[in-house]
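Single-structure report; data block below.
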Amino acid sequence: MSDRQTRTTTSHWGAFDVTTEGGRIVDVAPFAADPDPSPIPNILPQAVHHANRVLRPSVRRGWLEGRRRDGRGTDDYVELPWDEALDLAAEELRRVIDAHGNEAIFGGSYGWASAGRFHHALSQVHRFLNCIGGYVKSFGSYSTGAAQAIMPHVLGENFLKLTYGYQNSWPTIRDHTETLVMFGGINPKNSQVNMGGVTRHQTRGWCEGFIAQGMKLVLVAPQRGDGPEGSDWMPVVPGTDTALMLALAYVLETEGLADHDFLARCASGYERFKPYLLGESDGVAKTPDWAAPICGIAADEIRALARRMAGTRTLITVSWSLQRQQFGEQPYWMAAVLAAMLGQIGLPGGGVGYGYGAIGGVGVAAKRLRGLALPQGENPVADVIPVARIADMLLNPGAPYQFNGEDRTYPDIKLVYWCGGNPFHHHQDLNRLDRAWAAPETIIVHEPWWTPTAKRADIVFPSTTPYEREDIARANMDEYLFAMPQLIPPLGEARNDYDIFAGLAARLGQGEAFTEGRDVEGWLRHLYAEFVEMSREDGIEMPDYDRLREENWVKLPIAGDEHAISPFEAFRADPAAAPLKTPSGKVEIFSERIAGFGYEDCPGHPTWMPPEEWLGSETRGEMLHLVSPQPGDKLHSQLEAALQDVEGARPERVLIHPRDAAARGIAEGQIVEMVNARGACLARAEVSEDIRPGVVSLPTGAWLDGAPGAVSRTGNPNVLTRDIGTSRLGQGSSAHTTLVAVRPAG
């Protein structure tokens, strides 16, 4: 008798139906209610059952035999029974805490391991470390680190709250926007994922509808594919959006198109910014003729766009990618200034928005709900570092650095505990990270697969995938609620993160504090009961837990045009009665607070500062500007184990303009070498006019392969990217500030 059955589950890239038989995933199919399903889960059966799975607790031989730090990335591993491996890890945690304090532990996680709310790796590892005395944590994300630092100064809100709570919803844009100017684009490829899931992928459909109704969409990006088909493409030089925005602002000011009434009522510091804009303070007027050779857009096009923006209801959008560059705070700040000069902040379908297309939830009109979060507890350790400064921390213990107005010192980390994430995919300058990774005395990792990070760990615990355990999933701005069933038994001896941490906590005398007497089902029922009560307070009735498990998923009455948002309306109407949470209560065009920090790399108002590596660099020579966007076939580097097996999938494809390809003797499909002083990788050329000359695009996601320092044969661009902070204010990732030589592989 066959045990074949099909059930529904969900993920960060959406819901899908999974067919299992004989303890294996044998097929996947799109969720019927999804109008534009992601292709990511197609590779799931091969990935979950891949030979690359970590099947048993494994300890690096050099660490096991002599606590040696050399050999990470090249050493072999010894498999141990669970009790012995847990004893080793607990003993090492106790040793480090007793000898150096909890300030010597860094807790690493990136939160994307599962859409399930209980088996959320970041919450699990942070709860465990808090139970045993705390840890050094990180601030922000690689996606939005600089934005998270700058935007509270400018608009007075936490950036994630700004992203979800202060954005024009898609219906509002449909009904009111006439001109949509997309700096960095709105890309359905990126919006196929969302924190916690996106059941109905809507971004592509909304954008197609905007174009069909006659809305003007202007794409300002080096790649045509970063915006919807039918957009007017302005192929800007990477890293120069601030210069372009300044030139647009110059036209508004000098042609009498700036809304000075709005600036006087709702903004602060325009009189301090205006002399810079007009060139009175530095002798350089920010005219379209000044900007054209910098950004690669003709002066007349800049003037025409500025006039259209002033004459129509205009929404300026800024992609997350724009702040992942040196001085990445500047285009985010300048976009808000430009919107203030247009005077449309607070008007339906006008103003400025951040992150449309970056994740699937932005723009969706839905009622927000509370709950379904595992409590992480309180962290007794106050130290925190910007997330993109991990290598700096490990290489420079005790060294001073500055961040967002504070003078800080890097902690001396002896133990790294990583659960949920692969820094050897998403960090910059991976060869430098390799050197930094040798500094800690011990590295402990939970992983389902032998990722590059797992291969550089000392103790590796095999963790289950979301398909080998039960959970509940919901996401803000998503109208579906899922019971995620356990679809197959755990592979090998894999355990879920909660059970691993419960075992460690018990050995360290904190078992009750960590579990509160609950097993996995006990926690799921407890968290869900809290969620049901909170939802009832918000006017939404939920099914009980057992009914949800039986039905697999339910659609909640929380989405629709009635939930459409038009942000900052109350502020616009009466700034005194509804002030922003900035020092002035207004949009901060000039920030006294930031000016007081004294950072030359982030002055008191938006400023054009040429990055150290860009197409205008005097030392550029024949090098091209590398951008490294998110991949389309996976989330970050998840499921990469199976994708490496697909013929033609590796090395990763690099987009290059025909002019640049011809000048280097590169043909379509040819393997090329990309190299600079930081490293080298291979890629497969894709020759296309859909990218600006002088620019190449190599997606992230390929696992780092080979020994430390070797050429990445899979095509990981982060062996090439610069590991520097965006500025002393944000200290975010500067991945897109990168020049590379490209040539046929020998």
Charged N to carboxylate O below 4.0 Å: is that the case for [X] and [Y]?
X	Y	result
Glu447	Lys455	no
Glu612	Arg722	yes
Glu92	Arg95	yes
Glu600	Arg728	yes
Asp434	Arg456	yes

Determine the interplanar angle of the [X] and [Y] rings, folded into 0 to 90°, and report it as parallel if under 30°, tilted if 30 to 60°, perpendicular if over 60°.
X	Y	value
Tyr410	Tyr401	parallel
Trp112	His636	perpendicular
Trp523	Phe118	parallel
His446	Phe461	perpendicular
Tyr77	Trp450	tilted
Trp437	Phe424	perpendicular

Please check: side-chain N/O of [X] versus main-chain N/O of [Y], any donor-acceptor pairing under 3.5 Å?
X	Y	result
Tyr135	Asn379	no
Gln325	Leu322	yes
Asn52	Trp449	no
Arg60	Arg68	yes
Arg678	Asn718	no

Asp458: which of Arg72, Lys414, Arg61, Arg69 passes salt bridge (charged side-chain N to carboxylate O under 4.0 Å, His left out): Arg72
I need the [X] [atom1] to [Y] [atom2] distance, nearest 0.5 Å.
X	Y	atom1	atom2	answer
Asp226	Ser697	CG	OG	7.5 Å
Thr700	His427	OG1	NE2	14.0 Å
His736	Glu613	NE2	CD	14.0 Å
Gln731	Glu329	CD	CD	8.5 Å
His426	Thr721	NE2	OG1	11.5 Å
Arg370	Asn476	CZ	CG	11.5 Å

Do [X] and [Y] have side chains that approach each other closer than 4.5 Å (heavy atoms only, starting at C-beta)?
X	Y	answer
Ile385	Ile390	yes
Phe183	Met245	yes
Lys634	Glu640	yes
Thr726	Ser734	yes
Leu508	Arg94	yes
His625	Leu739	yes
Asp383	Glu103	no
Ile150	Phe159	no

Establish, for the pair Arg127 and Phe514, whether the NZ or CZ atom is under 6.0 angstrom from the six-membered ring centre and no further than 45 degrees off its axis.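 Yes.
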Counting only heavy atoms not in Lys189, do more than 12 sit closer than 6.0 Å to its NZ atom? yes
Does NZ belonging to Lys137 count more than 12 external heavy atoms closer than 6.0 Å?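 Not more than 12 within 6.0 Å, no.
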Run the side-chain contact (heavy atoms from CB on, under 4.5 Å) check on Thr144 and Tyr354 step by step: do they pass? CA-CA 10 Å; Thr144 60; Tyr354 301 95; over 6 Å; no
Applying side chain to side chain donor-acceptor pair (under 3.5 Å) to Gln428 and Ser733, what does each step give before you reach the verdict? CA-CA 8 Å; Gln428 280 61 68; Ser733 162; 2.8 Å; yes
Between Asn422 and Thr453, does any side-chain donor sit less than 3.5 Å from a side-chain acceptor? yes
Does a side chain donor of either Asp705 or Ser712 reach within less than 3.5 Å of an acceptor in the other side chain? yes
Phe501-Tyr417 aromatic ring centre distance below 6.0 Å: yes
